[in-house]
K.L.:
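I have a structure I would like to understand better, so I am pasting it below and will then ask my questions one at a time.
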Amino acid sequence: MSGASSLQRCILAVGNTGNGKSFTATIFGAQNVKIGHSSKSETDTITIYGIKGGFYIDTPGFDDSDEYKNDDETVRSIFRKMMEAKIQDITTILWFVVPDARAKGSYKRQARFIESLAKYYKGNVWDNTIIVTKGDKIENGPRDAANEIAL
């Protein structure tokens, strides 16, 4: 994989297992993506795919990460992979969620994770974060959690 220029986009996908992070990589043109068709995760490591105009970073689901790894370590792993690929900036974060009124604590943890990316991000990390919901219900839970964490 060749290095990135400052004009290339870099999309980072985060969220729970089974919410469409890997499938969405194919929409952006990523090739040879393992896509799961069950509740078992196919993505067990941070994977960078070349897409037209940049890169798509696919991450393991929040709920199936190594129990001994903390979020700070995961953030460092993402940026270590980016450095190896000579990618300098994240241009967009796609936060995949399933609407669930009972998931407020999970949303807050995930919002804190996204906020922790700000250490390595130029500008306000929330300006370029898109919340992608699965299903036909729209809840404010993830947005409320993001607003609370961003204050």
Side-chain angles (χ1 to χ4, degrees), residues 1-100 103 106-107 109-139 141-143 145-146 149:
M1 188 179 320
S2 63
S5 76
S6 61
L7 300 176
Q8 289 182 311
R9 67 182 165 183
C10 177
I11 300 166
L12 174 66
V14 298
N16 285 353
T17 298
N19 287 353
K21 297 182 303 293
S22 297
F23 175 76
T24 301
T26 66
I27 293 171
F28 284 98
Q31 301 291 310
N32 302 317
V33 180
K34 290 193 304 185
I35 299 172
H37 299 287
S38 70
S39 60
K40 182 184 176 294
S41 174
E42 287 293 329
T43 307
D44 55 5
T45 61
I46 296 160
T47 307
I48 299 176
Y49 296 101
I51 60 173
K52 184 175 181 163
F55 301 93
Y56 185 97
I57 302 174
D58 195 8
T59 61
F62 283 116
D63 52 353
D64 61 62
S65 56
D66 183 338
E67 67 179 285
Y68 299 106
K69 264 190 185 173
N70 64 31
D71 290 344
D72 287 340
E73 189 173 334
T74 301
V75 169
R76 284 191 296 275
S77 294
I78 289 168
F79 285 100
R80 200 170 17 257
K81 286 272 194 179
M82 287 174 63
M83 284 181 15
E84 290 169 6
K86 297 181 176 32
I87 301 169
Q88 296 180 359
D89 296 311
I90 296 171
T91 54
T92 306
I93 297 171
L94 298 179
W95 179 16
F96 290 80
V97 299
V98 173
D100 182 353
S106 175
Y107 293 149
R109 175 179 173 248
Q110 293 176 34
R112 277 193 292 277
F113 176 86
I114 292 168
E115 182 73 18
S116 71
L117 295 168
K119 293 183 231 177
Y120 306 92
Y121 190 85
K122 294 177 182 164
N124 182 346
V125 73
W126 296 106
D127 287 344
N128 293 313
T129 298
I130 299 168
I131 300 172
V132 181
T133 60
K134 184 175 183 177
D136 59 359
K137 292 180 2 184
I138 297 175
E139 304 243 350
R143 188 176 60 204
I149 297 302

K.L.:
Let me confirm one number: the CD-CG distance from Glu115 to Asn124, rounded to the nearest 0.5 Å.
P.N.:
7.5 Å
K.L.:
Set out, in order, the CA-CA distance, both residues' side-chain angles and the distance that settles side chain to side chain contact (heavy atoms under 4.5 Å, CB included) for Ile114 and Val125, then state yes or no.
P.N.:
CA-CA 7 Å; Ile114 292 168; Val125 73; 4.2 Å; yes
K.L.:
When you measure from the side chain of Lys21 to the backbone N and O of Phe96, does any donor-acceptor pair fall under 3.5 Å?
P.N.:
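Checked: no pair found.
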K.L.:
Output all residues satisfying side-chain hydrogen bond (donor to acceptor under 3.5 Å, both in side chains) with Arg80, sequence neighbours left out; order by chain, then residue number.
P.N.:
Ser77
K.L.:
Please name the pair of heavy atoms, one in Ser22 and one in Val33, separated by the smallest distance, quoted to 0.1 Å.
P.N.:
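For Ser22 versus Val33, the nearest heavy atoms are O-CG1, 3.5 Å.
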K.L.:
Quick check for you: to the nearest 0.5 Å, what is the distance between Thr92 atom OG1 and Ile57 atom CD1?
P.N.:
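Interatomic distance, Thr92 OG1 to Ile57 CD1, rounded to 0.5 Å: 11.0 Å.
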K.L.:
Quick check against the 3.5 Å criterion: does Thr59 have a side-chain atom that pairs as donor or acceptor with the backbone of Ala13?
P.N.:
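Side chain of Thr59 to backbone of Ala13, a donor-acceptor pair under 3.5 Å: yes, one is there.
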K.L.:
Say you draw a straight line from SG of Cys10 to CD1 of Ile78; how long is it, rounded to the nearest 0.5 Å?
P.N.:
10.0 Å
K.L.:
Supply the atom-to-atom distance Ile90 CD1 to Ile11 CD1, rounded to the nearest 0.5 angstrom.
P.N.:
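The distance works out to 11.5 Å.
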K.L.:
Hey, can you tell me if Tyr107 and Trp95 have their rings parallel, tilted or perpendicular (30° and 60° cut-offs)?
P.N.:
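Taking Trp95 first and then Tyr107, their aromatic rings stand perpendicular (interplane angle over 60°).
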K.L.:
Less than 4.5 Å apart, side chain to side chain, heavy atoms only: is that true for Asn32 and Tyr49?
P.N.:
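No, their side chains stay 4.5 Å or more apart.
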K.L.:
To check you understand the geometry: which heavy-atom pair defines the closest contact between Gly50 and Phe55, and what is its length?
P.N.:
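It is CA-CD2, 4.2 Å.
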K.L.:
Looking at Thr45, is its backbone amide N or carbonyl O close enough to the side chain of Thr47 to form a donor-acceptor pair, meaning the two atoms are under 3.5 Å apart?
P.N.:
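Confirmed, Thr47 side chain pairs with Thr45 backbone.
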K.L.:
State whether the side chain of Arg9 and the backbone N or O of Lys52 hold a donor-acceptor pair below 3.5 Å, judged by distance alone.
P.N.:
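Checked: pair present.
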K.L.:
Can you list everything that forms a ring pair (Phe, Tyr, Trp, His ring centres under 6.0 Å) with Phe23? Sequence neighbours excluded, please.
P.N.:
none
K.L.:
How long is the straight-line distance from CG of Asn128 back to CG of Leu12, given to the nearest 0.5 Å?
P.N.:
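Those atoms lie 12.0 Å apart.
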K.L.:
One pair to check against side chain to side chain contact (heavy atoms under 4.5 Å, CB included): Val132 and Thr24. What are the steps and the verdict?
P.N.:
CA-CA 10 Å; Val132 181; Thr24 301; 5.8 Å; no
K.L.:
Kindly determine whether Gln110 and Val97 satisfy side chain to side chain contact (heavy atoms under 4.5 Å, CB included), including the steps that lead there.
P.N.:
CA-CA 10 Å; Gln110 293 176 34; Val97 299; 4.3 Å; yes
K.L.:
State, with a plain yes or no, whether a side-chain heavy atom of Ile48 is found less than 4.5 Å away from one of Ile87.
P.N.:
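Result yes, sub-4.5 Å side-chain heavy-atom pair found.
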K.L.:
Report the distance from atom CG of Asp58 to atom OG1 of Thr26, rounding to the nearest 0.5 Å.
P.N.:
10.0 Å
